Amino acid sequence: MLTIYNSLTRQKQPFIPIQAGKIGLYVCGMTVYDYCHIGHARVIVVFDTVVRYLRSLGYHVTYIRNITDIDDKIIQRAHENGETIENLTNRFIQAMHEDTAALGVLLPDDEPRATQFIPQIITIIQRLLDNGYAYITPHGDVCYAVQHFTNYGKLSGKRLEDLRAGERVEIDRSKQHPLDFVLWKAAKPNEPSWSSPWGAGRPGWHIECSAMSTHCLGNHFDIHGGGMDLQFPHHENEIAQSEGATGEPFVNVWMHNGFVRINDEKMSKSLGNFFTVREVLKQYSAEVIRYFILTSHYRSPLNYSDQELESAKQALTRLYTTLRGLSTIAEPELDNLYEQRFISAMNDDFNTPEALAILFDLSKEVNKLKDKEPMQATRLGNQLRRLGGIMGLLQIEPETFLQGQLESLSTQEIEHLITERQAARSRRDWAMADQIRDQLQASGIILEDTAQGTSWRVM
RNA sequence: GGCUGAGUGGCAGAGUGGCUAUGCAGCGGAUUGCAAAUUCGUUUCACGUCGGUUCAAAUCCGGCCUCAGCCUCCA
């Protein structure tokens, strides 16, 4: 039985979909004004893995990951760059698609953009005004009145009276309560705006997710995800908006993933301590990054360092080494102990580190069987590939992984040197053979002699 | 100040009231012409600290210490 930790109840709960066999999943995606960093990669990879696993269980999943393409930072960045907002957002949406594709992430079923949902946003705001959850300020903004929503704070466990409003940001006197937030911002000069019943303006930060999620998945849906930092206020506000407008419960299960850290500090744009996905891809393959992300449980912090990525690379090398030379044709093993352990690990709130440990046990088993029982080794090897695939791993040719990112020498040169060395070995000229091997090693190529001949891989 | 969460062997990172996590790195054996890969082994308590419950706790309960996050934009 699949159990998921629900931020709303602060405990693991058996997962029961609203409609049998179907799951609606919404994840807060990017605000597109810059390149994806490793923190973004984590959310994307984690929920990609969640979706793959849910589908492997037989659920029909509708996966929505939105794009926020209008907000203060976008407007500011476009202005700084001297480019149009549309140009900026399109550029970074394309970059994001390149990055996610590189990381082996499946496309969501829909990728709605905030600017395409202005009519739906206006409808929700109107309903909130009608239902008494919103008011218009003297500046012409429309604000949400948090005190009118009884359950405000239920997701983040906060009580209005405990929050230190005004501690770090000056209180806006035009609001009825300091924590009231803007639904609709009155237009300022030189800013994009849409017309509305309350005059020209643009949506506030939180409202677009209420509009897009309920439009794509219905007023009440199964799972909503995102980074921990969105729990408050973003997701809290989404609940207030959506439930205030529809009068129905909004989301059953809230999932929040932990941060990527660098030296025990959160990786974030505001701290400036981030690495972009494309930067890291220059040094490590996408699958190494993906593996690295999955080595810790999604709710735990993930410490980023070169040493950890290097370790991830070595670990993946081990798995691919096991798969090397195994035919992919044979039927994989199915309902054995490894499978059961894998499923029970993933059923336990998507415990990917545990699931990976089982892949290594399986890998060891395959290695042991390779010589004695090649057929069984092949079947287990294919099971390893299949289970890895549920986490988006082990889907490329072992040789492609092991020989990838070749820099110094061409494949032909390497093959040529191997042939020469083979000749030296057959005439027992060990000095010559070792010299060639050392020469290759200096270029980052490792040789491995087997009964079937010599193979090579990149260090 | 309020609210979350966390403290496990050299590093990373799971987990269960009593029995080997796993990976990387190191060391030793097998294997190899030598390597690499693979495999086997790796000594005494690895489980923040102080108490409590228990025949038994790193695992349950309580206090304390330390760290991170949220209460502003952030994945």
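In this text the structure is predicted, and so the values were computed from the model without any measurement. Convention: sequence-line order gives letters A, B, ...; per-chain numbering from 1.
The base of B:C71 has none of its N or O atoms less than 3.5 Å from a complementary donor or acceptor on the side chain of A:Lys158.
The same atom, P, is picked in B:U43 and in B:G10; the two are 13 Å apart, to the nearest Å. The gap from the P atom of B:A57 to that of B:C45 amounts to 15 Å, rounded to the nearest Å. With both ends at atom P, the span from B:C50 to B:C55 equals 23 Å, rounded to whole Å.
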Legend entry - Dot-bracket encoding of pairs in RNA chain B, which uses [ ] for pseudoknotted crossings and | for another strand, Watson-Crick or G-U under 3.5 angstrom: (((((((..(((.....[...))).(((((.......))))).....(((((..]....))))))))))))....
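Partners of A:Leu107 according to the side-chain contact (heavy atoms from CB on, under 4.5 Å) rule, which considers only residues two or more places apart in sequence or in another chain, do not exist here. Under the side chain to side chain donor-acceptor pair (under 3.5 Å) criterion, A:Lys185 pairs with A:Asp72, sequence neighbours left out. Scanning for side-chain contact (heavy atoms from CB on, under 4.5 Å) contacts around A:Ser455 gives A:Arg324, A:Glu448, with sequence neighbours left out.
Side-chain atoms of A:Arg379 and A:Asn382 include no donor-acceptor pair closer than 3.5 Å. A side-chain donor-acceptor contact under 3.5 Å links A:Ser363 and A:Thr322.
A:Phe259 does not qualify as a stacking partner of the B:G69 base, lacking a centre-to-centre distance under 5.5 Å together with planes within 30°.
For B:G23, the OP1/OP2 oxygens have no side-chain nitrogen or oxygen of A:Lys313 closer than 4.0 Å. Residue A:Arg324 places no side-chain N or O under 4.0 Å from the OP1 or OP2 atom of B:A37.
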Legend entry - Test side-chain hydrogen bond (donor to acceptor under 3.5 Å, both in side chains) applied to A:Asn336 and A:Gln383, step by step: CA-CA 10 Å; A:Asn336 58 9; A:Gln383 182 184 25; 2.7 Å; yes
Inset, instruction - Do nucleotides 9-22 of chain B as a string where each nucleotide becomes B, S or -: B if the base has a protein heavy atom under 4.0 Å, S if just the sugar-phosphate does, - if no protein is that close. - result: --SSSSS-----BS
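Here A:Asp48 does not pair with A:Arg65 in a salt bridge; the nearest charged N to carboxylate O distance is not below 4.0 Å.
Sorted by first and then second residue, the ring-ring contact (aromatic ring centres under 6.0 Å, His included) pairs involving residues 369-404 of chain A (not counting sequence neighbours) are A:Tyr320-A:Phe401.
A:Asp72 comes within 4.0 angstrom of nothing in the nucleic acid, heavy atoms only.
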